[in-house]
2 protein chains.
Amino acid sequence: MRDEEAGLIFRFFNEVGIIEQLSRTMLEARLPHGFLASHFTVLNHLTRVKDGQTPLAMARAFQVPKTTLTHTLAGLEKAELIEMRANPADGRSKCVWLTEAGKAFRQDAISGLTSDMAGIAEQIGVERMADALPLLTDIRTYLDKARD
Amino acid sequence: MRDEEAGLIFRFFNEVGIIEQLSRTMLEARLPHGFLASHFTVLNHLTRVKDGQTPLAMARAFQVPKTTLTHTLAGLEKAELIEMRANPADGRSKCVWLTEAGKAFRQDAISGLTSDMAGIAEQIGVERMADALPLLTDIRTYLDKARD
DNA sequence: TGACATTAGTACGACATCGCACTATATAGT
DNA sequence: ACTATATAGTGCGATGTCGTACTAATGTCA
């Protein structure tokens, strides 16, 4: 493969890394003190996808080690934004449920982000991002499969 | 702004976050034990852009706190992949220079990554990534300016 | 020039991430 | 049913990240 192509792929992932950092900082600025993007991500996932998932299923969805998720969930449970219940279908496992406070927490965070989102929509254009989304999904899917 | 648009922007940054995680893991699998993506990123930047930059300039380029970079540079210096010298133009500051070992380290890492890159190029297509790169750069630039 | 504000880098502490090892439960093979 | 293997979750330790506070050097403005 040509150096030019390799360099382009490098720059692509480089930009992705910086955007991840900046967008995470932007999100965390809208969260109450002591909460991180990882907490929001869990609440958002439980809302968007479904309640009652197991920690391991979520760890796979986020591509993080399960020990990392244990820690994140402990923080959310302590703040009473989620509840951990036994999994009736598997004694080893647990299910994670949102509390009312957890739902409200997520909604508040999203409300606080609307001005940020509006700025992005105006300056970048939602359509351009929508056009690029399938590419990102393809790359994510490929990288996920490639890691054996 | 419509919920649909906000949701799309959310999904965009969500994919970016997961890709960052997966690509970092892929890179770190190709580095000698004990070295992280942050180390490679510094060596790569010094090679691609220029030697002799100050730590602060690099922290800004990567959008990380300067304390984080201090730690990363300490690791690289201990491994003798970089040299820190006084900045003749500013007594408070230092300049970071690659050593021969540092240049070789980077080249080895890149060599190890070629098969990964080839897989991406084949499965995703370099052209699609090239087409999306300007969008990523625009988003990165906007987020950088928006954080005041 | 002198007083004050600003900036580069670092020491330190708090905490998030993550690998390893362990327990409890479930599954497979006989 | 019994044994061996695999899986879900967690405790613990190591280390990376980053905020705060500090020192040294520079810039500013009267």
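Below, read A as the first sequence line, B as the second, and so on, with proteins coming before strands; counting in each chain starts at 1.
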Discussion item. Can you confirm if the aromatic rings of B:F40 and B:F105 lie within a centre distance of less than 6.0 Å?
Written reply: no

Worksheet item: Rounded to the nearest Å, what distance is computed from the CZ atom of residue A:F62 to the C1' atom of nucleotide C:dA16?
Response: 16 Å

Worksheet entry | Whichever of A:H71 and A:R92 has its nearest DNA chain C nucleotide further upstream toward 5' | A:H71

Discussion item. Has B:T114 got a side-chain atom pairing as donor or acceptor with B:S111's backbone, closer than 3.5 angstrom?
Written reply: yes

Discussion item. Once you apply a heavy-atom cut-off of 4.0 Å, does B:N87 come out as touching a base, just sugar-phosphate, or nothing?
Written reply: nothing

Worksheet entry | Whole angstrom value for the distance that separates P of C:dA16 from CZ of A:F40 | 18 Å

Worksheet item: Can you tell me how far C1' of D:dC18 sits from CD of B:Q63, to the nearest Å?
Response: 15 Å

Item to complete: Pick base, sugar-phosphate or nothing for A:T70, based on heavy-atom distances below 4.0 Å to the nucleic acid.
Response: base

Discussion item. Could you tell me if the side chain of B:M129 sits less than 4.5 Å from the side chain of B:V126, heavy atoms only?
Written reply: no

Worksheet, complete the sentence: So CG of A:L113 and CZ of B:F10: to nearest 0.5 Å the spacing works out to 5.0 Å

Worksheet entry | Given DNA chain D, 5'-ward residue of the pair A:Q21 and A:P55, judged by closest heavy atom | A:P55

Worksheet item: On a plain distance test, is the side chain of B:K94 in donor-acceptor contact with the base of C:dG9 below 3.5 Å?
Response: no

Item to complete: Indicate, with a heavy-atom threshold strictly under 4.0 Å, whether A:E28 touches base, sugar-phosphate, or nothing.
Response: nothing

Item to complete: Could you tell me whether A:E83 and A:R85 make a salt bridge, using a distance below 4.0 angstrom between a side-chain N and a carboxylate O?
Response: yes

Worksheet item: Could you state the CG-C1' distance from A:L36 to D:dG16, rounded to the nearest angstrom?
Response: 14 Å

Discussion item. Nearest whole Å is fine: how far is C:dC18 P from A:L73 CG?
Written reply: 14 Å

Item to complete: Measure from NZ on B:K78 to C1' on C:dT10 and round the result to the nearest Å.
Response: 17 Å

Discussion item. Side chain of B:T67, heavy atoms from C-beta onward: which of D:dT17, D:dG19, D:dA25 has the nearest atom to it?
Written reply: D:dG19

Practice prompt. Measure from CG on B:L69 to P on D:dC18 and round the result to the nearest Å.
Written response: 11 Å

Item to complete: Measure from the side chain of B:K66, starting at C-beta and using heavy atoms only, and say which of D:dT10, D:dC18, C:dA8 lies closest.
Response: C:dA8

Worksheet entry | For atom CG of A:L56 and atom C1' of C:dC18, their distance in whole Å | 15 Å

Fill in: Contact under 4.0 Å: B:T54 side-chain N or O vs C:dA8 OP1/OP2
no

Worksheet item: DNA chain D: A:S93 or A:R24, which has the more 5' nearest nucleotide?
Response: A:S93

